[in-house]
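The analysis underlying the following values was restricted to heavy atoms, covering all of them including side chains, and did not include hydrogens, waters or symmetry mates.
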Amino acid sequence: MNLVNLLVVPDGQAYHDDLFWRLLNYFNIYRIILGGLFLLVFFFLGDKLVFGITNPLLFLLGSVAYLGLGMGFIVPIALRKPDFNVQLAFQVCLDIVFVVMLMHASGGIQSGIGLLLLVSLAASGLIRQGRLMLFFASLASLSVLLEHSYDLFYLDTGTSQYAQAGMLSIGFFAMGGLMRVLAQSSRESVELARRRGADLASMAQINHMVIQDLQDGILVVDAEGRILSWNLQAESLLDIEGKSLLGALLSRVTPNLFILWQCWLDGRLENGDQLASARGRKIRVRFVPVDESGSVIFLEDWDRIQNQARQIKLAALGRLTANIAHEIRNPLSSITYAAELLLEDANHEPVQSRLLSIILDNSKRLDNMIQDILRFNRKDRANTEIFSPDEFFPAFLEQFCQIHKVPRECFSLEMCAGRCLVFDKSHLNQVMWNLCRNAWHHSKKGKGSICISVGDGVKPDVVEVDIMDDGRGVPEPLRAQLFEPFFTTSEGGTGLGLYIAREISEVNDAALDYIDDREGGHFRIRCKGEGSE
């Protein structure tokens with residue numbers, strides 16, 4: 001947001017054309033000013049200067065005409081018609097004619113008015129970058145020499161001033177050559193500046209897009225704490241969306257962040273990474289100095305960082321454990337089979353029977369853990385289906401109670417959902433199996449100890465499934481680790497059930513959460529709903 005002022009740089013030809021017309025307009029303004037000065041000098045200082053001394057009427061008419069031409073050129077220049085080269089050549093030729101006319105009316109070469117042609121030649125050379133300079137210099141020299149020759153034959157001014165006319169003509173050609181060199185250098189400089197400007201504009205646009213696309217928030221502040229630049233993620237993290245931030249004081253926008261920034265500037269924070277609360281979540285703040293003109297503040301969502309670290313760790317762990325699980329499975333099957341064969345022998349002692357039972361129980365526990373690990377590595381294969389909860393949950397409960405030998409009256413089912421579920425049936429079956437097994441383990445195992453409630457959520461396209469039991473719930477210190485892998489409070493648990501259940505839910509665009517309530521807490525699945533019963 002306002003990180004850079006995006007520059008629009010025209011193409012080279014359009015840029016130069018616009019520049020030429022602007023310079024031609026400035027040159028015409030100079031012509032208007034010069035014509036006005038001639039008139040002022042003639043009326044107020046005519047008796048003290050040589051202007052118009054030979055022919056006052058011609059000088060007056062020439063000055064008026066020169067000023068009128070300057071005023072008349074305004075419209076063609078604004079309309080840019082006719083062609084630029086035609087207008088420039090026409091105007092310079094008229095400059096030569098009128099300046100020579102005014103010079104003749106003021107006593108010829110000795111009046112000094114002819115030096116004004118150097119200005120016209122220089123201006124035309126800069127405007128058109130040295131082109132036609134030899135033509136204009138030749139025309140000016142020829143005009144000056146013809147005017148002096150006319151004075152010589154008809155006004156008897158003498159031949160001694162031919163040297164001055166010749167020197168002035170040489171000056172015209174020297175000015176033409178100089179302007180050609182300067183124009184070439186100017187053209188190269190302008191082109192270089194244009195290319196650099198285009199490169200800078202392109203880099204600014206790229207930087208703008210990159211910064212806006214960053215997942216981290218960025219604030220740029222000056223030495224006084226005024227916000228110079230920011231991105232959309234910074235607005236979201238600091239809960240300042242829609243506010244005008246450009247030039248705003250950091251202390252007014254987010255006082256907590258301003259205090260941290262001041263502490264960092266004063267050297268009271270050795271490490272720039274600090275945690276601050278916003279919208280009920282934590283963000284990591286990192287300060288980076290920018291010379292002495294200000295600072296860049298990086299804002300990172302701490303929960304996202306932790307989730308990324310956890311996903312990376314679990315991805316590596318998943319690959320490792322999957323490989324290990326395949327290698328363990330064969331010898332584990334052999335151990336289990338051998339222990340079962342030994343148990344079938346009726347001649348062994350009770351101690352041996354107890355030891356063999358321990359071997360079998362732990363072998364089954366390891367086999368369950370391997371099964372969970374393999375399911376975890378296949379969790380991303382979701383085949384979403386649309387089905388009615390009235391069909392799924394009764395069938396699930398019958399199957400669950402039959403396999404785990406749980407009395408059916410221990411479960412109660414409340415169905416008040418008006419929408420079908422959008423979920424992978426096998427995935428939902430696995431999630432419900434883990435949650436119901438966990439609820440049965442922690443319940444009082446009485447009639448109606450576990451209640452499954454299916455109803456519409458707050459949002460119209462959401463269905464909520466609550467699994468509630470009459471147990472004591474999860475102690476508060478353990479709730480933060482509830483969905484962590486390999487965390488369990490049960491002696492025979494693998495610690496993967498709840499974690500895999502949440503991961504499977506996320507694959508199906510659903511969410512599994514632990515809801516803390518007065519009755520001990522319960523689990524809730526929020527999944528997509530579609531249609532109506």
Side-chain angles (χ1 to χ4, degrees), residues 24 26-77 86-125 127 132-176 179:
L24 184 61
Y26 297 149
F27 183 33
N28 190 59
I29 292 173
Y30 156 77
R31 183 180 297 110
I32 295 172
I33 294 173
L34 184 60
L37 287 176
F38 280 146
L39 289 176
L40 290 176
V41 169
F42 178 79
F43 285 111
F44 295 101
L45 299 175
D47 55 342
K48 298 180 180 179
L49 299 177
V50 296
F51 291 173
I53 191 173
T54 304
N55 193 336
L57 180 59
L58 180 62
F59 186 88
L60 176 60
L61 295 176
S63 299
V64 172
Y66 193 58
L67 177 60
L69 285 173
M71 300 295 291
F73 287 145
I74 294 177
V75 175
I77 293 175
V86 173
Q87 288 202 44
L88 177 63
F90 185 68
Q91 292 181 23
V92 174
C93 290
L94 287 179
D95 282 340
I96 295 173
V97 170
F98 277 95
V99 170
V100 172
M101 180 190 301
L102 295 175
M103 181 183 69
H104 174 72
S106 300
I109 195 69
Q110 62 184 359
S111 65
I113 294 180
L115 295 174
L116 293 175
L117 291 176
L118 293 173
V119 178
S120 298
L121 293 176
S124 63
I127 292 174
L132 300 177
M133 280 303 300
L134 291 178
F135 170 75
F136 294 142
S138 301
L139 181 61
S141 300
L142 184 60
S143 299
V144 169
L145 292 174
L146 288 176
E147 188 278 333
H148 187 63
S149 299
Y150 178 84
D151 290 347
L152 176 64
F153 289 107
Y154 292 95
L155 301 180
D156 193 19
T157 57
T159 60
S160 61
Q161 294 181 358
Y162 261 117
Q164 297 181 22
M167 296 296 292
L168 185 59
S169 299
I170 293 173
F172 293 156
F173 285 99
M175 180 62 70
M179 286 301 104

Chemist: Kindly compute the distance separating CD1 (I29) from CD1 (I74), expressed to the nearest 0.5 Å.
Modeler: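 Reported value, rounded in 0.5 Å steps: 8.0 Å.
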Chemist: Mind running side chain to side chain contact (heavy atoms under 4.5 Å, CB included) on F27 and V92 for me, showing each step along the way?
Modeler: CA-CA 10 Å; F27 183 33; V92 174; 4.2 Å; yes
Chemist: Rounded to the nearest 0.5 Å, how far apart are CG of L121 and CG of L116?
Modeler: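 Taking CG in L121 and CG in L116, the distance rounds to 11.0 Å.
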Chemist: Just verifying a value: how many Å separate D95 CG and L117 CG, rounded to the nearest 0.5 Å?
Modeler: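 Those atoms lie 8.0 Å apart.
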Chemist: For S143 versus I96, what's the shortest heavy-atom pair and its separation?
Modeler: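 Heavy-atom minimum between the residues: OG-CG2, 3.5 Å.
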Chemist: How many angstroms lie between atom CG of N55 and atom CG of L102, to the nearest 0.5 angstrom?
Modeler: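 Rounded to the nearest 0.5 Å, the CG-CG separation comes out at 11.0 Å.
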Chemist: Tell me, yes or no, whether the heavy-atom count around Y30 atom OH, taken from other residues, nucleotides or ligands under 6.0 Å, exceeds 12.
Modeler: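 Yes, the 6.0 Å shell around OH holds more than 12 heavy atoms from other groups.
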Chemist: Quick check, are the ring centers of F172 and F136 under 6.0 angstrom apart?
Modeler: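 Between F172 and F136, the centre distance exceeds or equals 6.0 Å.
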Chemist: For the atom pair CG (L58) and OG (S63), what is the distance rounded to the nearest 0.5 Å?
Modeler: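 Reported to 0.5 Å precision, the distance equals 9.0 Å.
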Chemist: Minimum heavy-atom separation for G114 and V99, please, with both atom names.
Modeler: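 Reported closest heavy-atom pair: CA-CG1, 4.4 Å.
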Chemist: Closest heavy-atom contact between M101 and G62?
Modeler: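 What the structure gives for the nearest pair is SD-CA, 4.1 Å.
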Chemist: Applying the ring-ring contact (aromatic ring centres under 6.0 Å, His included) criterion to F59, which one of F38, Y66, F98, F43 satisfies it?
Modeler: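 By the ring-ring contact (aromatic ring centres under 6.0 Å, His included) criterion, F59 pairs with just one of F38, Y66, F98, F43: F38.
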Chemist: Just jot down the side chain to side chain donor-acceptor pair (under 3.5 Å) partners of Q87, sequence neighbours excluded, or say none.
Modeler: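 For Q87 there are no side chain to side chain donor-acceptor pair (under 3.5 Å) partners, ignoring immediate neighbours.
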Chemist: Looking only at non-hydrogen atoms, find the nearest pair between M175 and L118 and report the distance.
Modeler: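 Smallest interatomic distance, heavy atoms only, reads CG-O, 4.0 Å.
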Chemist: Identify, with sequence neighbours excluded, every residue that meets side chain to side chain donor-acceptor pair (under 3.5 Å) alongside S138.
Modeler: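 Scan of S138 (side chain to side chain donor-acceptor pair (under 3.5 Å), adjacent residues dropped) gives none.
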Chemist: What I'd like to find out is whether the side chain of L67 reaches to under 4.5 Å of the side chain of L34, using heavy atoms alone.
Modeler: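 L67 does not reach L34 side chain to side chain.
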Chemist: Is any side-chain heavy atom of R31 closer than 4.5 Å to one of L94?
Modeler: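 With C-beta onward as the side chain, the pair stays apart.
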Chemist: Quick one: pull up CG in L142 and CD in E147 and give me the separation to the nearest 0.5 Å.
Modeler: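 Reported value, rounded in 0.5 Å steps: 12.0 Å.
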Chemist: Is any side-chain heavy atom of L24 less than 4.5 Å from a side-chain heavy atom of N28?
Modeler: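 No, too far: nothing below the 4.5 Å cut-off.
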